[in-house]
Structure formats: C-alpha cells, structure tokens
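What follows is a single structure, written as structure tokens, with notes after it.
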Amino acid sequence: MTTHGDPATHAGAPAVAARTGPDAGQDPPADAAEGLPAALTGLRAAIGAARFPLTLPSAEPARRTAAGLTDQLDDYLLPRLARLDAPLLVVVGGSTGAGKSTLVNSLVQARVSAAGVLRPTTRSPVLVCNPADAAWFRQGELLPGLTRTTEPSEHPGTLQLVTAPALPAGLAFLDAPDIDSVVDANRALAGQLLAAADLWLFVTTAARYADAVPWELLRSARARGTAVAMVLDRVPPEAADEIAAHLSEMLAAQDLGAAPLFVLPETWVDGQGLLPDRVTAPLGAWFARLAADAETRSAVVRQTLDGALAALHPTVDALADAADEQVAATDALDERVRAAYRGAERTVDQGLKDGRLLRGEVLARWQEFVGTGEFFRSLEARIGRLRDRVVAAVTGRPAPAAELRNAIESQLVTLLRGVAAEAAENAYTGWKAHPAGAALLEPELAHPSADLPERAERLVRDWQRGVLELVRAEGGDRRFVARTAAYAVNATGLAVMIAVFTATAFIPTGLEVATGAGTTVAAQAVLQAIFGDQAVRNLASKARVDLLDRIGALLTEEADRFLARTAEARPAAETGAALRRAAGEVEKARHRAGLSGTPGPVLPAADQGGRA
Ligand SMILES: Nc1nc2c(ncn2[C@@H]2O[C@H](COP(=O)(O)OP(=O)(O)OP(=O)(O)O)[C@@H](O)[C@H]2O)c(=O)[nH]1
Ligand SMILES: [Mg+2]
C-alpha cells in the first residue's frame with residue numbers, strides 16, 4: 001500500500017499540531033484571535049438564554065437552530081479556536097450504503113469501521129487517527145457531548161476512537177452515519193458531525209449522486225465556505241465518464257466546481273472488505289499530500305473555521321427575528337385579552353349610564369321603597385316637606401330597604417356575570433384563532449372563573465357598604481344624618497346607589513312619573529332634598545367611580561387567568577437584541593482575527609486521475 005507514503009517519514013516528525021501552530025509563518029499574530037473565544041462565549045450565552053415557547057411557525061426551526069448553534073460552538077468552534085493546530089478532521093458523510101465505511105477502512109488499511117449489508121450500518125461515529133493524535137481526540141474538547149469508547153458501539157451518543165498507524169499524523173477520518181437516514185438519530189448526528197468537520201468528504205454513488213438531501217447539505221457547506229471534497233463511488237467503468245461529467249456539471253452549477261472530485265470505479269472488496277489499492281490510490285495520495293503539507297492543512301482549517309464563524313451572523317439574525325416574533329406574539333395575545341376585558345368594562349359603564357339597570361326587580365323595589373304613587377305625587381312639594389316624607393317613608397320600613405338592596409345586588413351580579421362570560425368567550429376565541437394562543441388555552445378559560453358569582457356578590461356587598469360609609473362621611477356634619485341616625489344613612493345610601501344606576505343628567509325638566517326616568521328623578525330629588533345639588537353630584541359620582549374601580553379590579557383578575565399564561569411563556573423582550581449584539585461582536589472579532597487568508601479554494605486539486 002503506497003497510498004500514504006512511507007510511515008517512517010512521519011515516525012520521527014513532530015506532531016502536525018506543532019507545525020501548524022500559531023508560530024507558523026502564515027498565521028496571524030498570536031493575539032489576533034483573542035477576542036473571538038470571548039465573543040463566542042457571549043454568543044453561546046445569548047443563544048442559551050433565548051426561548052421560543054410560543055407555538056409559532058418559526059419556533060420549532062428556531063429551537064433546532066439554537067440547539068444546532070450551541071452544539072457547533074461546543075463541538076467545533078470553541079475547541080477549534082483554542083487549538084488551531086489540532087489535527088485536521090475529515091468527516092466522511094453521505095448516503096447509506098455509499099461505501100463510506102469501506103472507503104475509510106481502505107484508506108487506513110484496517111477494518112476500523114464495520115461495513116455491512118444491513119442499512120444503515122454505521123450508527124455511531126468512528127474516528128480514526130494516527131496514534132500520535134489520539135490524545136487530542138480522546139481528551140474530548142472536540143465533540144464533547146459524545147462519550148469516547150474504544151469498542152464498537154451502536155449508540156449514537158458515543159464516539160469510537162481507533163488508531164491506525166497507516167494514517168499519517170495531522171489528519172483524522174470520522175466515519176459518520178448516513179446523512180439522509182431513515183433513522184432520525186443518525187440524521188441528526190450526521191448533521192452535528194458535519195458541523196464539526198474541518199473538511200467534508202462527501203461520498204456518493206453512481207446511483208445516488210442526484211439525491212436531494214446531500215445537495216442541500218452541500219449547498220449549506222458552500223454557503224459557509226466549508227472545505228469539501230467529493231467521492232463518486234462504485235461507478236460502473238463504462239459509465240464513468242458520463243456520470244463524472246454530469247456530477248461535475250452539477251457541482252459547477254452549485255458553485256462547488258472547485259471541490260476536488262474523485263471517481264472510484266465499481267470493484268470487488270477483498271476478504272477483509274477493503275477496496276483494492278489501485279482504486280483508492282489517487283484519493284490516498286491526495287490525503288497523504290495534505291497530511292504532509294502543514295501550510296495547506298492550516299489554510300483548510302482556517303477557511304472552514306472562518307466560514308463557520310461568518311455563517312453565524314445570518315443564522316443568529318434569523319434566531320433573533322424568531323425571538324422578536326415571540327415577543328410580538330405575546331403582546332398580540334395580551335392585547336386580544338385586554339380588548340375583550342376592556343369591552344366588558346365598557347359594557348358595565350354603558351349599563352350604568354343608559355339606565356338599563358333600573359328595570360324589573362330594582363325598579364319595582366325602588367318604587368316600593370319610596371312609597372310608589374304617593375311618593376311621586378309629592379314630588380312637587382317643597383323640599384322640606386319632601387325631606388320629611390322621605391324620612392317618614394324610610395323610617396320603620398326595613399323590609400323594603402333590604403329588598404331593594406338585594407335587588408340592586410342581584411342586578412349588578414347578573415350584569416357582572418354576563419360581561420365576564422362575554423369577555424372570557426371573546427378572549428378565548430381571540431386566542432383560539434392564533435396558533436400560539438390556541439396552544440396556551442385550557443377549556444375552562446372559555447368561561448369566567450368558577451368562583452366569579454361569589455366574588456361578584458362580595459364585590460357588590462363591599463361596594464354597598466362603601467356607599468354607606470361615603471354617605472356617613474359626606475353627611476356627617478349635617479343635621480339630617482345626625483337626627484335620623486343609622487336608618488337614614490341606609491336609605492340615603494340606597495338612593496345614592498339608584499342614582500349611580502342612572503344617566504348623568506341630573507335635573508330633567510319633564511317629569512315622567514313612574515317610568516325609569518321618572519324614578520331617576522325621584523332618586524335624585526330625594527338626594528337633593530337631603531344633601532343639595534352639588535353634594536348629590538359628588539356622592540353619586542364617587543359611588544360610581546368606586547363601583548367601576550371594583551369591577552375593573554374583578555375583571556383584571558379574570559383577564560389575568562389568560563395573561564398569566566403569556567407572562568409565563570413570554571421571552572425576555574431584549575432576547576433578539578442581545579442575540580444580534582452578540583453576533584455582531586463575533587463578526588467584529590472574526591474580522592480582527594483575519595483567520596482565512598486569500599479567498600478561493602485552498603484544497604489541492606484532485607489531479608491524480610480524480611476528475612474524468
Ligand atoms: N462490490 C463492492 N461493494 C462495496 C463497495 N463499497 C462498499 N461495498 C459494500 O457495500 C456495502 C455497504 O458499504 P458500507 O461501507 O457499509 O457503506 P456505508 O456508506 O458506510 O453505509 P452506512 O454506514 O449505512 O451509511 C458493504 O457490504 C460493502 O462491502 C465497492 O466499491 N464494491
Ligand atoms: Mg458506514
């Protein structure tokens with residue numbers, strides 16, 4: 001086997017690491033890349049802090065992107081930056097059965113990775129390196145999430161390490177699971193491994209080279225400047241020229257024309273499952289030259305690393321957009337809830353203004369309370385006489401007072417239950433129509449809280465008590481209250497409540513007796529008789545504000561059942577900005593570091609019989 005040259009030439013040579021280290025002539029000053037690890041660590045933290053809890057179309061892709069970026073930072077970017085001189089990692093990727101494992105085995109002249117007829121064969125990655133490089137890969141800086149093993153494993157969370165003296169130092173092969181696997185774990189792992197590659201060796205076959213998935217990956221490799229070499233495997237000799245030409249065209253069309261292409265003819269594997277030397281020789285020789293050329297190897301590492309770093313910015317930008325969308329969606333959902341409950345408050349306010357509460361039971365009880373017909377007939381009487389009559393009407397008649405009070409209470413409670421039910425329904429449908437909202441809903445949110453009736457009753461009773469307090473406080477210095485004592489306070493309070501139920505206009509000119517409006521006049525007249533014009537206005541408006549405040553608080557609690565859900569899900573508003581800032585820092589540090597030299601292909605051409 002002459003593929004890798006004489007191992008003796010490597011035997012005494014210092015590790016590649018030393019030759020491609022920061023001392024090497026073409027490297028930027030040692031401190032040039034200094035800001036990068038810090039910037040990357042900052043970016044990693046910003047990505048780690050980003051949450052995409054709301055069910056939006058962008059959320060799942062964002063979660064995947066965030067996980068992929070975090071993996072790539074940990075698996076590759078941070079360890080690679082810390083050790084620019086570490087061995088070059090060639091990740092061998094491609095469709096299942098393309099012959100990846102067979103190829104790796106053949107290149108290192110040993111059965112390091114099981115090849116087989118069962119698809120997919122390789123489920124956990126196998127890394128082959130020269131014994132001199134084993135320590136670096138074993139220590140687990142690179143791909144730290146994979147547990148190192150020395151035995152073959154079926155588990156995708158492991159990385160089997162194998163040394164092969166036939167493989168020169170400075171270069172390692174990683175045999176990956178298939179990239180378009182039917183096995184999810186394989187596919188995900190293959191993607192993760194490709195993101196940790198200094199060089200992708202794409203293996204495809206005469207039968208599979210036009211498949212979509214590999215081309216998607218190749219395009220993304222191209223987009224971020226990853227070094228790529230292609231192997232077209234198992235090509236029937238008679239069709240070699242035609243297929244190679246077609247693949248070359250496809251590569252050129254994807255702007256990948258510079259990727260070295262090796263065409264390997266279909267052949268028989270030997271008893272060990274290895275390909276004959278003559279088939280692998282051109283590829284082996286190409287890798288041998290790369291292994292021997294520290295400068296080129298370093299350039300490849302830098303190009304891929306710089307490309308991966310440059311690709312961070314747009315990817316993180318998309319992530320930031322998704323984070324902003326999350327915030328905007330929580331705002332939108334909150335607004336739907338607020339609008340529904342604002343509507344409820346408006347209905348209450350309207351109900352208090354338009355006199356619709358002064359109907360039925362309340363009206364009947366009020367009329368009964370003030371003595372119905374007789375009371376209205378006496379409206380023209382002088383204030384003093386009216387006052388006397390009111391006092392007489394209310395004194396010693398506790399039952400109608402209690403009934404009126406109950407009627408007011410149940411009228412208000414009915415109103416509150418109605419508006420709370422309507423608001424819950426509106427908020428519920430508002431969320432249901434939004435993908436993120438629908439995911440946050442629970443069936444009980446379609447209705448007011450179970451204890452709403454109880455709370456509404458308590459609210460009204462508290463308000464009624466508050467009104468009496470108000471009457472007592474406002475009327476405290478008046479002889480009337482002093483003279484007529486507790487019962488008059490009660491009666492006045494009820495009249496104030498009725499006044500709250502009426503329109504704001506105080507002294508209507510025409511007196512429509514025994515109608516709702518007439519009743520209003522009666523309530524106001526009674527109050528005026530007792531307190532005088534301004535005092536009435538003050539009392540009624542204070543009681544009204546108090547009622548609306550209490551109702552507002554109740555409805556806020558109702559709305560909070562929804563809002564608590566968005567509050568829990570809500571990502572920090574500054575997530576997007578923090579991501580953009582962190583990516584900007586990386587970009588600045590990347591420019592300062594000047595990792596990649598002149599743009600353009602850095603890989604040697606496949607000039608040893610590779611391209612057709
Ligand atoms: N005749 C012939 N058989 C080959 C060749 N290359 C690979 N094979 C056989 O094809 C089968 C699949 O090869 P593998 O090397 O396991 O393929 P793989 O790409 O690693 O497949 P996964 O691990 O499933 O992704 C094995 O039985 C190999 O022996 C070849 O060039 N000629
Ligand atoms: Mg395999």
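Counting convention: from 1, in listed order, for ligands and their atoms alike.
Ranking the protein heavy atoms by distance from atom 12 (C) of ligand 1 puts Gly116 O, 3.3 Å first. From the protein, the heavy atom lying nearest to atom 2 (C) of ligand 1 is Thr267 O, 3.1 Å. The nearest protein atom to atom 14 (P) of ligand 1, hydrogens excluded, is given as Thr102 OG1, 3.6 Å; this is a heavy-atom distance.
Contact annotation: Ser95 has at least one heavy atom less than 4.0 Å from an atom of ligand 1. At a 4.0 Å cut-off, at least one heavy atom of Ala98 sits close enough to ligand 1 to count as contact.
Near Asp178, the atoms of ligand 1 lying under 4.0 angstrom from a non-hydrogen atom of the residue are 25 (O). For ligand 1, the atoms sitting less than 4.0 Å from at least one non-hydrogen atom of Lys100 are 15 (O), 17 (O), 18 (P), 19 (O), 20 (O), 21 (O), 22 (P), 25 (O), numbered in the order shown with element in parentheses. Counting the atoms of ligand 1 from 1 in the order shown, those under 4.0 Å from a heavy atom of Leu275 are 30 (C), 31 (O). Proximity to Glu266 (heavy-atom distance under 4.0 Å) selects the following atoms of ligand 1: 1 (N), 2 (C), 30 (C), 31 (O), 32 (N). Counting the atoms of ligand 1 from 1 in the order shown, those under 4.0 Å from a heavy atom of Ala115 are 14 (P), 15 (O), 16 (O).
Of all protein atoms, those that are N, O or S and lie under 2.8 Å from the Mg ion (ligand 2) total 2.
Side-chain atoms of Arg224 and Leu309, non-hydrogen and from C-beta on, never get closer than 4.5 Å to each other. Side-chain atoms of Leu290 and Pro604, non-hydrogen and from C-beta on, do get closer than 4.5 Å to each other.
For Gly99, a nitrogen or oxygen atom sits less than 3.5 Å from a nitrogen or oxygen atom of ligand 1, counting backbone and side chain alike. Taking only nitrogen or oxygen atoms, main chain and side chain alike, Asp233 does not reach within less than 3.5 Å of ligand 1. Inclusion of Asp175 in the set of residues having an N or O under 3.5 Å from an N or O of ligand 1 is not warranted. Polar contact with ligand 1: present for Gly97 (N/O pair, distance under 3.5 Å). In terms of polar-atom proximity, defined here as any N/O pair under 3.5 Å, Thr122 does make such a contact with ligand 1.
When each of Val235, Asp241, Val231, Leu283 is checked for a side-chain contact (heavy atoms from CB on, under 4.5 Å) with Val263, only Val235 meets the rule.
Of all the heavy atoms of Arg234, the ones lying under 4.0 Å from any atom of ligand 1 belong exclusively to the side chain. Under 4.0 angstrom from ligand 1, there are no non-hydrogen atoms of Pro177. Counting heavy atoms under 4.0 Å from ligand 1, residue Leu264 does not touch it at all.
Using a 4.0 Å cut-off between charged nitrogen and carboxylate oxygen, Lys588 and Glu585 count as a salt-bridge pair.
Judged as a side-chain contact (heavy atoms from CB on, under 4.5 Å), and not counting sequence neighbours, the contacts of Glu60 are Arg63, Arg64.
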What's the verdict on salt bridge (charged side-chain N to carboxylate O under 4.0 Å, His left out) for Asp75 and Arg80, showing C-alpha distance, side-chain angles and the deciding distance? CA-CA 9 Å; Asp75 289 347; Arg80 187 30 114 183; over 6 Å; no

Start with the C-alpha distance between Arg565 and Trp431, add both sets of side-chain angles, then the distance that settles side chain to side chain contact (heavy atoms under 4.5 Å, CB included), and finish with yes or no. CA-CA 11 Å; Arg565 276 156 210 265; Trp431 274 23; 4.1 Å; yes

Run Thr122 and Ser101 through side chain to side chain donor-acceptor pair (under 3.5 Å) and show every step you take. CA-CA 8 Å; Thr122 309; Ser101 301; 2.8 Å; yes

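Side-chain contact of His591 with Glu587: a donor-acceptor pair under 3.5 Å is present, judged by distance alone.
Taking all atoms of both residues into account, the shortest heavy-atom contact from Leu189 to Arg123 is CD2-O, 3.9 Å.
Judged by distance alone, the side chain of Thr149 and the main-chain N or O of Thr158 form no donor-acceptor pair under 3.5 Å.
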